[in-house]
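Naming convention: chains lettered A, B, ... in sequence-line order (proteins, then strands); numbering from 1 in each chain. Quick caveat, the model's predicted, so the values are computed rather than measured. Note: hydrogens, waters and symmetry copies are ignored here, and every other heavy atom, side chains too, is used.
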Number of protein chains: 2
Amino acid sequence: MLFQHRKEKILNLLSESNTVRIHDLVTRTGASESTIRRDLMALEEEGLLTRVHGGATKVKNIGIEQKMSQKESINHEIKAKIAKYCSTLVKPNSQIYIDAGTATLELVRVLPNDKRIQVVTNGVDQALLALQRGINVTLLGGPVKQNTHAIAGITAYQQLERMNFSFAFIGMNGLSYENGLTTTNLDEAMIKECAMQQSHKIRILMDNSKIDQIYEFKVNAPTQAIILLNKQAKVNSPDTIHKLANHFDLHFL
Amino acid sequence: MLFQHRKEKILNLLSESNTVRIHDLVTRTGASESTIRRDLMALEEEGLLTRVHGGATKVKNIGIEQKMSQKESINHEIKAKIAKYCSTLVKPNSQIYIDAGTATLELVRVLPNDKRIQVVTNGVDQALLALQRGINVTLLGGPVKQNTHAIAGITAYQQLERMNFSFAFIGMNGLSYENGLTTTNLDEAMIKECAMQQSHKIRILMDNSKIDQIYEFKVNAPTQAIILLNKQAKVNSPDTIHKLANHFDLHFL
DNA sequence: TTATTTTGAGTGAAATTGATTGATTTTGAT
DNA sequence: ATCAAAATCAATCAATTTCACTCAAAATAA
């Protein structure tokens with residue numbers, strides 16, 4: 001596994017749970033302890049995490065500075081760009097599904113402030129932001145996951161089955177040629193699949209940091225799904241992208 | 001368990017009750033007494049707590065109330081007191097329902113930080129705060145109300161009907177002799193009733209400012225419901241309280 | 001090919017941990 | 001108030017884990 005990929009995996013894991021342990025990263029990446037140690041040192045040098053004995057934690061921001069760092073988070077601009085594009089797809093008088101996750105949160109931030117749009121989401125953060133922006137929102141019901149603040153489970157699933165959407169905007173953790181779309185959690189994987197099945201059009205929000213990343217659970221996307229990526233992905237991983245293009249409908253921004 | 005984890009846990013526990021005991025921390029974290037002792041020393045060094053014989057207490061800040069106006073501060077104190085009392089009623093391994101609203105939000109703030117407690121709520125704010133405090137939470141599904149951030153509707157209702165709780169903590173807008181318990185919204189009123197019906201024990205969180213207030217929709221409480229009020233209510237509205245006592249189980253704090 | 005970078009393994013140093021000791025403080029009964 | 005028992009504390013030590021560093025092998029680039 002390349003340094004770039006390990007680095008992205010580490011940061012992705014860290015964004016989902018406040019701390020990562022070195023031993024866990026060793027088993028997850030298959031790299032040696034020395035290598036992981038070096039990676040963590042490099043990432044700390046970049047100011048992207050704080051090393052602690054036994055692993056690493058998120059950098060803790062003080063008060064008002066928090067917003068700043070959120071913007072400085074490596075992929076924020078990419079996510080914002082993709083979110084902006086998605087927001088142009090949303091028409092008034094439509095019911096749309098927005099998945100939990102950081103990329104889709106950006107979408108809520110820039111969504112047209114229109115009372116006629118009906119947003120359905122399984123993300124508590126998404127719901128709150130939509131409320132603050134005065135957008136109508138419906139939450140799925142069920143247990144809330146600690147790390148991702150996503151709602152998943154049988155109740156949410158059954159609730160989704162009765163709905164249908166003109167658009168679904170889905171987040172995803174990994175995309176690779178071998179395993180396709182993957183994510184970290186079975187419940188959430190099922191919710192993603194179900195939401196996509198109920199949707200007329202589908203956009204999966206990703207970026208180059210997710211390419212060649214493989215997580216535990218596969219997610220099958222319907223044929224009408226379009227995967228959104230930034231152009232940099234084509235530059236960074238041309239081979240993977242080329243192979244993926246045979247099986248997925250990729251769209252570059 | 002990483003030092004970071006223990007540190008967060010200790011501070012979390014401290015935020016919900018003014019003091020923590022070393023022995024309690026030992027059992028909760030699974031670490032040895034020596035380790036906990038060292039943690040407390042480190043945290044004291046950081047100025048995050050003060051050690052006392054047998055455990056540690058919060059470091060007292062000067063003028064914490066500065067920001068709030070006097071009226072807000074008093075109102076907040078009443079709610080905090082009632083919330084604190086409610087938190088003592090919650091036992092581990094229990095499933096409890098917490099209604100949306102400001103009074104119940106205080107309850108979430110001081111709820112024991114125990115993974116074995118299952119919180120079910122229809123309040124988005126409640127859910128988020130519980131998540132931040134590391135408490136397991138399940139959200140009801142459905143449309144979210146703009147002003148109250150409460151989830152209500154047929155989906156939430158049906159979801160509730162399948163559940164049962166050892167305790168329900170309900171917020172309410174008004175209490176009067178003529179109309180009993182009243183609130184501002186039909187959907188929310190129905191959710192409150194349904195939640196109460198599914199609960200073994202019920203506490204309705206109120207204060208003197210709600211007495212003699214009448215809103216549009218009546219809420220019928222089961223006989224086992226106990227209404228919590230501050231003692232000031234008895235002083236301010238002795239007649240109303242006296243008459244109410246014939247029909248409701250009032251409890252003064 | 002050679003030069004450069006990246007990686008994995010090994011080493012001893014450093015940090016963390018849990019147990020033990022005896023001193024100190026608190027508690028409760030007289 | 002006084003004393004003994006219990007609880008809590010600080011200090012130390014050995015075992016374990018984690019760390020930083022070095023060096024050779026492997027991968028990559030020139």
Side-chain angles (χ1 to χ4, degrees), chain A residues 1-14 17-60 74 174 176-178 208-214 232-243, chain B residues 1-14 17-60:
Chain A
M1 185 180 271
L2 262 56
F3 168 60
Q4 190 66 17
H5 292 154
R6 285 198 312 272
K7 172 176 162 178
E8 282 156 3
K9 187 150 200 163
I10 291 169
L11 290 176
N12 281 335
L13 284 169
L14 200 56
S17 65
N18 278 320
T19 65
V20 289
R21 297 194 57 112
I22 288 203
H23 197 74
D24 185 38
L25 292 174
V26 169
T27 56
R28 274 181 189 269
T29 60
S32 73
E33 190 184 302
S34 306
T35 302
I36 296 298
R37 234 170 253 294
R38 275 186 281 251
D39 289 351
L40 292 183
M41 275 195 268
L43 289 169
E44 184 176 45
E45 196 70 24
E46 290 186 60
L48 299 173
L49 52 77
T50 319
R51 282 194 303 157
V52 296
H53 198 91
T57 70
K58 285 182 189 170
V59 288
K60 53 174 171 235
I74 38 171
S176 68
Y177 178 67
E178 297 78 13
N208 58 308
S209 78
K210 312 284 173 68
I211 302 291
D212 286 324
Q213 299 284 326
I214 299 173
Q232 188 63 33
K234 240 192 302 194
V235 181
N236 288 9
S237 323
D239 299 347
T240 306
I241 294 293
H242 187 75
K243 285 192 288 183
Chain B
M1 187 183 264
L2 240 51
F3 167 62
Q4 199 74 13
H5 265 101
R6 288 197 309 271
K7 174 175 160 176
E8 281 168 23
K9 193 152 199 163
I10 291 169
L11 291 176
N12 246 325
L13 285 168
L14 204 54
S17 67
N18 276 317
T19 66
V20 289
R21 298 195 56 92
I22 287 202
H23 195 74
D24 188 33
L25 292 174
V26 169
T27 56
R28 275 176 192 270
T29 61
S32 72
E33 192 185 302
S34 305
T35 301
I36 296 298
R37 232 169 256 293
R38 275 185 282 251
D39 288 351
L40 291 183
M41 276 195 266
L43 288 169
E44 184 175 46
E45 195 70 23
E46 289 187 60
L48 299 173
L49 53 77
T50 42
R51 283 193 303 157
V52 295
H53 196 90
T57 70
K58 280 182 193 171
V59 50
K60 3 191 170 293

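Dashed line: the shortest gap from a side-chain N or O of A:S34 to OP1 or OP2 of C:dA9 is not under 4.0 Å. For the OP1/OP2 pair of C:dT7 and a distance below 4.0 Å, the side-chain nitrogens and oxygens of A:R6 include at least one atom meeting the criterion. Phosphate proximity of C:dG18 to B:T35: present, with a side-chain N or O under 4.0 Å from OP1 or OP2.
Between A:H23 atom NE2 and C:dT16 atom P there is a gap of 19 Å when expressed in whole angstrom units. Rounded to whole angstrom, the span from the CD atom of B:E33 across to the P atom of C:dG18 amounts to 12 Å. Look at CG on A:D39: it is 7 Å from P on C:dT7, rounded to the nearest Å. Atom CZ in A:R51 sits roughly 13 Å away from atom C1' in C:dA15 (whole-Å rounding). Note: CZ (A:R37) to P (C:dA9) measures 14 Å, nearest angstrom. Spacing between atom CG of B:L40 and atom P of C:dT17 amounts to 13 Å, rounded to whole angstrom units. Rounded to whole Å, atom P of C:dA15 lies 18 Å from atom CZ of A:R21. In this structure, B:M41 atom CE and C:dT17 atom C1' are separated by 13 Å, rounded to whole Å.
Residues B:V20 and B:L49 have side chains not in contact (no heavy-atom distance under 4.5 Å, counting atoms from C-beta outward).
In this structure, of C:dT17, C:dT26, C:dG8, it is C:dG8 that holds the atom nearest to the side chain of A:S32.
Chain A approaches DNA chain D over the interval D:dT18 to D:dA20, counting the first and last nucleotide 5' to 3' with an atom under 4.0 Å from its heavy atoms.
Across B:A31 and B:I36, no two heavy atoms sit closer than the pair CB-CD1, 4.2 Å.
Under a 3.5 Å cut-off, the side chain of A:Q213 and the backbone N or O of A:H5 do form a donor-acceptor pair.
Side-chain contact check for B:T57 and B:T19: no donor-acceptor pair (N or O, by modelled atom type) lies under 3.5 Å.
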One pair to check against side-chain contact (heavy atoms from CB on, under 4.5 Å): B:L48 and B:K7. What are the steps and the verdict? CA-CA 10 Å; B:L48 299 173; B:K7 174 175 160 176; 4.2 Å; yes
Test B:L25 against B:L40 for side-chain contact (heavy atoms from CB on, under 4.5 Å), laying out the working first. CA-CA 10 Å; B:L25 292 174; B:L40 291 183; 4.2 Å; yes
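On a pure distance criterion of 3.5 Å, a polar donor-acceptor pair joins the side chain of A:R38 and the base of C:dG8.
Considering B:I22, B:T27, B:V26 as possible partners of B:D24, the one that fulfils the side-chain contact (heavy atoms from CB on, under 4.5 Å) test is B:T27.
If you check every strand for non-hydrogen atoms under 4.0 Å, A:V52 touches sugar and phosphate atoms only.
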